[in-house]
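In what follows, a structure is listed as structure tokens, so that the remarks can point back to it.
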Amino acid sequence: MNVTRNSTAEWQRDDADHHLHPFSDIAQLSEKGVRVITHGEGVYIWDCEGEKIIDGMAGLWCVSLGYGRKELADVAAKQMNALPYYNTFFQTTTMPATALATLLAEVTPDGFNNVFYGSSGSESNDTMVRLVWRYWDAKGQSSKKTIIARENAYHGSTIAGASMGGMGYMHEQGPLPLPGFEHIEQPHWYFNGGDLTSDEYGLQAAGRLEEKILELGADTVAAFIGEPIQGAGGVIVPPDSYWPEIQRICQKYDVLLVSDEVICGFGRTGEWFGCQSFGFEPDLMTMAKGMSSGYLPISGVMVHDRVVDVLKGSGDFNHGYTYSGHPVSCAVAEATISIMRDEGIIDRVKNDVGPYFQKRLQEFLDHPLVGQVRGRGLIGALEMVKDKATHQPFDNVGDVGTICKNHCFENNIIMRATGDAMLLSPPLVITKDEIDELMNKARMCLDMTAKDIGLI
Ligand code: PXG
């Protein structure tokens, strides 16, 4: 088949005819027509009409080093020529798989010295569940199988990922969650905190975990999983009191603590990992996205020594993927992480561009639509509400977010809407001038939204 396409319309026609997109309404998307992205440089992408778009979302929270890093393409090409594929089963490895594992041990917190590879965040979370089950079996505590997560969490789209996730709209489309996956309240102070201070509310929200463990029986609970900051759920930054209290409860009831670092990992919050920003020490960390700056699919579960030591005595772990430790992905991830370390990217997020980004975000509090500004490092959210004094949301949550997202689309800025929160998570290499451009465009789109709903 040799199809030539002479116009955007022809690309859109073929896409509508043959391509089913994630999280999309098939009929509606065919009617609207997709935007076709052709190339990128730094924090910008271009579509096939030649429009230059500022990417406030780093792709899908992943292109940390920005587009067009030629070194990464060169590393991939070199590895493809040397060895495009070999597996890591059957007493075998490849040099990139081992080299990356060693580097990961270096950049992750103390006690994390082993990784299990996959190709996506969802796979890493599935792997984590199987590791956790295996751990308790090996300890002779096989009744500990239940995983507790939070409402409105996102942990992926596989059956286990969607079960752990707390997205009602995903659960509705299955018989989901699977048995053995339970959910507690998310630590969303702005909407749930009432008259409590942030820290008081953080303790209360963490207390939901203790209540759930007692309800289920500690002898049935295997692990608790959470994103340090919930990303897709709306960049929900928990109170400072929340994570240390979660850690205390997990230790008290002998429940493993898992940090889903798929978005927060690799510098997004200004530390290498989100758990370091929030002061807790998980037993396992799942990670993907920024691990290779999105240049190739790769994910991993980092397993703490205290878990590995138990697994070591338990025989075969009957789990793995064809692409576990894919050599080209590993080579690109190794190069990505080396660049982050050698160019001081994470320090820059912590001490330079991150604080500037947060300061500029805070300025939105004067906007008639914005009730709360949340964020840390280079991740942030503008929560749009009907009544700023009472925190009352709009009547049909999501409508105003959609209006704003559409203005963003038309005005060549990428922001993501969750409900009525507008989210930003730009490449970590963004400059202050580019942050200014992002904020100016975002304000323009919020102004247009406010006009549309008769607010200004
Ligand atoms: N954990 C977290 C915290 C995530 O954000 C996954 C796991 C799953 O990763 P994979 O690679 O399987 O997609 C994610 C993914 C959005 C959006 O619209 C967010 C994600 C994926 C797709 C869309 O914000 N996060």
Side-chain angles (χ1 to χ4, degrees), residues 21-25 29 55-64 117-129 147 149-167 169-170 177 181 183 186-187 223-238 258-269 273-275 277-278 282 284-302 321 323-324 326 329 333 374 376 378-381 398 401-402 405 408-409 414-426:
H21 289 254
F23 287 89
S24 302
D25 176 322
L29 190 61
D55 184 4
M57 283 304 297
L60 215 41
W61 320 82
C62 53
V63 187
S64 305
Y117 291 122
S119 305
S120 67
S122 303
E123 282 181 7
S124 69
N125 278 327
D126 277 47
T127 298
M128 177 280 292
V129 172
I147 313 279
R150 277 100 51 93
E151 289 154 8
N152 196 38
Y154 190 78
H155 296 299
S157 272
T158 51
I159 306 282
S163 292
M164 269 182 285
M167 301 296 185
Y169 57 87
M170 292 174 78
F181 293 90
H183 297 87
Q186 58 175 333
F224 173 76
I225 181 171
E227 305 152 75
I229 294 174
Q230 282 155 263
V235 182
I236 295 149
V237 183
V258 183
S259 186
D260 182 333
E261 298 277 353
V262 170
I263 285 180
C264 292
F266 300 100
R268 177 63 53 200
T269 64
F273 293 91
C275 58
S277 288
F278 288 90
L284 300 100
M285 300 197 299
T286 55
M287 54 203 198
K289 294 193 189 274
M291 189 173 170
S292 64
S293 196
Y295 276 51
L296 281 176
I298 186 165
S299 68
V301 187
M302 285 307 293
Y321 310 103
Y323 299 130
S324 288
H326 190 287
S329 297
R374 304 184 284 269
R376 191 68 73 99
L378 279 178
I379 184 169
T402 302
K405 187 186 67 184
C408 292
F409 197 94
I414 305 222
M415 285 179 95
R416 173 150 166 19
T418 288
D420 293 326
M422 299 308 297
L423 316 183
L424 282 168
S425 170

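Counting begins at 1 with the first residue of the sequence. Read the numbers this way: they start at 1 and go in the same order the structure lists the ligands and their atoms.
Near G121, with a cut-off below 4.0 Å to any heavy atom, the atoms of ligand 1 are 8 (C), 9 (O), 10 (P), 11 (O), 12 (O). Listed by number with element, the atoms of ligand 1 under 4.0 angstrom from any heavy atom of D260 are 1 (N), 2 (C), 3 (C), 7 (C). Of all the atoms in ligand 1, the ones that sit under 4.0 Å from a non-hydrogen atom of E227 are 3 (C). Atoms of ligand 1 lying under 4.0 Å from any heavy atom of S120, numbered from 1 in the order shown and given with element: 11 (O), 12 (O).
Put simply, the side chain of D420 gets close to the backbone of G401: a donor and an acceptor are under 3.5 Å apart. Not a single donor-acceptor pair under 3.5 Å links the side chain of H155 to the backbone N or O of A149. No side-chain donor-acceptor contact under 3.5 Å links R376 to the backbone of G274.
For the ligand labelled ligand 1, residue W61 lies inside the 4.0 Å heavy-atom shell.
Between H155 and ligand 1, a contact under 3.5 Å exists for no N or O pair.
With respect to atom 18 (O) of ligand 1, the closest heavy atom belonging to the protein is R416 NE, 2.5 Å. Among all protein heavy atoms, the one lying closest to atom 13 (O) of ligand 1 is S122 OG, 4.3 Å. Of the protein's non-hydrogen atoms, I263 CD1, 3.2 Å is the one closest to atom 5 (O) of ligand 1. Protein heavy atom in closest approach to atom 20 (C) of ligand 1: K289 NZ, 3.4 Å. Among protein heavy atoms, atom 22 (C) of ligand 1 sits closest to L60 CD2, 3.5 Å. Scanning the protein for heavy atoms near atom 2 (C) of ligand 1, the closest one is Y154 O, 3.3 Å.
At a 4.0 Å heavy-atom cut-off, ligand 1 does not touch E123 at all. Contacts with ligand 1 closer than 4.0 Å are made by no heavy atom of T286, backbone or side chain. Residue contacts with ligand 1 for N125 involve side-chain atoms from C-beta outward but no N, CA, C or O (heavy atoms, distance under 4.0 Å). Contact annotation: for A288 versus ligand 1, there are no heavy atoms closer than 4.0 Å.
Annotation for Y323: atom OH does not count as buried by contact number, only 12 or fewer foreign heavy atoms lying within 6.0 Å. Residue-environment remark: CD1 (I159) stays at or below the threshold of 12 foreign heavy atoms within 6.0 Å.
T269 and S277 share a donor-acceptor pair across their side chains, judged by distance under 3.5 Å alone. Counted by atom type alone, Y321 and T127 present one or more donor-acceptor pairs between their side chains at under 3.5 Å.
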### Query
Step by step, would you call C62 with M291 a side chain to side chain contact (heavy atoms under 4.5 Å, CB included)?
CA-CA 8 Å; C62 53; M291 189 173 170; over 6 Å; no
### Task
Go through the steps to decide whether I379 and I263 satisfy the test side chain to side chain contact (heavy atoms under 4.5 Å, CB included), and finish with yes or no.
CA-CA 9 Å; I379 184 169; I263 285 180; 3.9 Å; yes
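A distance of 12.5 Å separates CE in M164 from CZ in R150, rounded to the nearest 0.5 Å.
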